[in-house]
Amino acid sequence: MGEGAIMRIEYWDPSRPTTIRSGSTAHPESVVDMEEYLLPLDRIRTAALHSWGVAAGLHVRVQGGSAPTVLPGSAIDSAGRVLAVVEGGTVIVDPTVPPDQMNGVPTVVVPAGGVPAVTTGLTGACLLTLTWREVVGQGALTSAPVLLHAPWLRLVPASGFADDGRQVVLAAVTLDGQGQVTGLDPGPRRVAARLTLQEPTASAVAFAGATGEVVQRETALMESDGGDVRLTLLSGADPRPALRLTGTGLRLPSPTGAKEHELAVDDGGGFRLTDCAANADRLVVDPAGQVGIGVRSDLQRILQVEGSEIHSGGTAGGLSFADRGVARFVEHPRRGDRWVWYAADGYARLWSGYDRLYVGAPNDGGALDVPARMRVRQGGSDSAGIWFHQNNGGDRGFVGMAGDQMLGMYGAGHGWGLQMNVDSGELVFGSQFGNPWGPATLTLWGSRIWDQGDGVLAVASGGPTVRILDNLEVYGSLSKAGGGFRIDHPLDPGDRYLAHSFVESPEMLNVYSGTAVTGDDGRAEVALPSYFAALNRDHRFQLTPAGVPTEVAGEITGTTLTVRTGRPGVTVCWQVTGVRQDKWAQEHRIRTEHDKPEHERGRYLHPELHGQPAHLSIASTRPE
């Protein structure tokens, strides 16, 4: 505490212990008793039983941006001195008074509504502080001077402030250029009241000449501003949180306080260990005693674990489960009583008594290895095959026989998407063979369908090279010698086809067309799509009046085509084209003319059309 020797006057006669010394009590004797004994002991006791900070009251209020007002209350500084702001008491509010001046210091009387702080000359981030001080005043009954308890209430800049307890912080205040309050929060305000638990501890001294120390480790139990009860370890360089009791449960913080886990019991009797930062349950015990690890929903099993894996290690590592006909755990199982999954010598093994199943090895590709052929037999259903099951979706896909002749791939949300006739080798995509679920989709990721025999993939026997019976999506460029549509002929759909050719262009053109009728002013406005200007550049348009000889003109502004004829009621046919300027088109412009690569020169896409032999086809240069 730095108080020096603690002493008081001995009023008993040392030669006669039952006799009080005679003579008058002088002022120096009172000083010794008060200044060198009672006050130092009081400060030592206060500092030992309380940490420094606000003990009671000292609420800070701001109304309409006015100066912060401090209400009556008390605090304790780091020297163990009590700072009391009481109604009718005195405080110093002048921030310019020298800190060691005692005579002639101006003070103010504390009213019931609190005392305002001085904000003159300050701006920005400040701290409202209270400092212990005494000043010389005049006694009320005698002419003798008195010492007035007058805590120093002042605002100090937050920058560079040493929060060491010599000044007790009441609030953090932000001021504008006119001294008006624009921000108020607790800042580093501390609470002094606490319950302290102490445990003696010692560093071991095991040999002669060693050094050691017996100390007390302190733990403080305090209530925080939010109403939580906190257990804080005070020993060491920095206090650290050890426990927090909230309205929902018991929280265990990490040594730095950066992470917290909460132990809680719900009204139904369930127990949970929750990661507060992630707001996720890590351990759950429901009212029925079922245990869940990493589970976010209701438990479905006695032990339910959700996560990447369950690990059992060591020389006896393994997972065991019993036959359902065995009533309880069997330490030494006979064949089939209890099965154990374990790993040894690069294999995963399933063991029960003498029975073993070996799965995978490094040289076997790390999967289930059957050193022969594996047969899946048809049972009571119409097909034989393998179902693929997903935890979040159930049975999702099937590979197997769709009948006696058809081998296929089946999707739970689609039906049979791909089938092969095991007798003819025919492949069928999409809605065939009784599939009621609609179209199938064939997706090729950077690869080609290729047949090493004649270069043709036959999807439908006797049909074109590739027949896709439903939709085809291409996420890159499509190059072709020609193309168009072929549909059932509208006039004779049962017996004839109707075919049209694609419209080709050396540019990536978008085409928009329609009709418009001019109004009374001979004008008509056509709203183009909202994305027109963003998608297209180099706009061009054509306008044709229908059946009425007249001049027609127009212009495009933004996404509006304005047509002008000079006559009302004219029907105008319009067509607008634009060159694509979207990002994909900018990066993949069509090269209208370019040289063939070296390995394709002298060869042709269609050699027969140029009077060349078939072996000069470019297709013959493709890799096997």
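Source: prediction; values computed, not measured.
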I'd like to check the side-chain hydrogen bond (donor to acceptor under 3.5 Å, both in side chains) partners of E555; sequence neighbours left out, ordered by chain and number. none
With a 3.5 Å distance limit and no angle check, can you tell me whether D266 reaches the backbone of G270 through a side-chain donor-acceptor pair? yes
P613 and P607 have their tightest heavy-atom pair at O-CB, 3.4 Å
So with a 6.0 Å cut-off around CD of Q63, is the heavy-atom count from everything else above 12? no
In Å, rounded to the nearest 0.5 Å, how long is the span from CZ of R589 to CD of E587? 10.0 Å
If you measure only the distance, is there a donor-acceptor pair under 3.5 Å linking the side chains of Q180 and D176? no
Residues in ring-ring contact (aromatic ring centres under 6.0 Å, His included) with H588, at least two apart? W584
Flag if over 12 foreign heavy atoms under 6.0 Å of CZ, R301: no
Between CZ on residue R580 and CD1 on residue I590, distance to nearest 0.5 Å: 8.5 Å
Keeping H489 on the side-chain end and L491 on the backbone end, is there a donor-acceptor pair under 3.5 Å? yes
H261: which residues meet the ring-ring contact (aromatic ring centres under 6.0 Å, His included) condition with it, sequence neighbours left out? none
Check this for me: D492, atom CG, are more than 12 non-hydrogen atoms of other residues, nucleotides or ligands nearer than 6.0 Å? yes
Residue pairs meeting side chain to side chain donor-acceptor pair (under 3.5 Å), one or both in residues 392-402, sequence neighbours left out, come to H389-D395
Side chain Q581, main chain A534, donor-acceptor under 3.5 Å: yes
Under 3.5 Å, side chain of R282 to main-chain N/O of L273, donor-acceptor pair present? no
State whether the number of non-hydrogen atoms from other residues, nucleotides or ligands found under 6.0 Å of M401 atom CE is greater than 12. yes
For residues 540-549, the side chain to side chain donor-acceptor pair (under 3.5 Å) pairs (sequence neighbours left out) are E507-R540
Mark yes when over 12 heavy atoms from residues, nucleotides or ligands other than F321 sit less than 6.0 Å from its CZ; otherwise mark no. yes
H610: partners by ring-ring contact (aromatic ring centres under 6.0 Å, His included), with sequence neighbours left out: Y604
Go through the structure and list residues passing side-chain hydrogen bond (donor to acceptor under 3.5 Å, both in side chains) with K259, not counting sequence neighbours. D275
Look up atom OG in S383 and atom CZ in F398, then write down how far apart they are to the nearest 0.5 Å. 3.5 Å
If I take atom CG from residue L418 and atom CE from residue M406, how far apart are they, to the nearest 0.5 angstrom? 9.0 Å
Can you list the residues that meet the side-chain hydrogen bond (donor to acceptor under 3.5 Å, both in side chains) rule with E262, with sequence neighbours excluded? T246, T248, R251
Among residues two or more places apart or on two chains, list those pairs meeting ring-ring contact (aromatic ring centres under 6.0 Å, His included) that have a residue in residues 535-575. F532-H539
Considering only distance and modelled atom types, tabulate donor-acceptor pairs under 3.5 Å from the side chains of residues 557-571, sequence neighbours left out.
residue : atom : partner : partner atom : Å
T565    : OG1  : G522    : O            : 3.4
T565    : OG1  : R567    : N            : 3.2
T565    : OG1  : R567    : O            : 2.8

Rounded at 0.5 Å granularity, tell me how far CD in Q419 sits from CD in Q405. 11.5 Å
List the atom of L175, the atom of C126, and the distance in Å for their closest heavy-atom pair. CD1-SG, 4.2 Å
Rounded distance (nearest 0.5 Å) linking atom CG of L319 with atom CH2 of W339: 15.0 Å
Counting heavy atoms not belonging to Q586, are there more than 12 under 6.0 Å from its CD? yes
Measure across V376 and A384 and return the closest heavy-atom pair with its distance rounded to 0.1 Å. O-CB, 3.7 Å
Can you list every side chain to side chain donor-acceptor pair (under 3.5 Å) pair that touches residues 511-522, not counting sequence neighbours? Y512-N536
Can you list the residues that meet the ring-ring contact (aromatic ring centres under 6.0 Å, His included) rule with H594, with sequence neighbours excluded? none
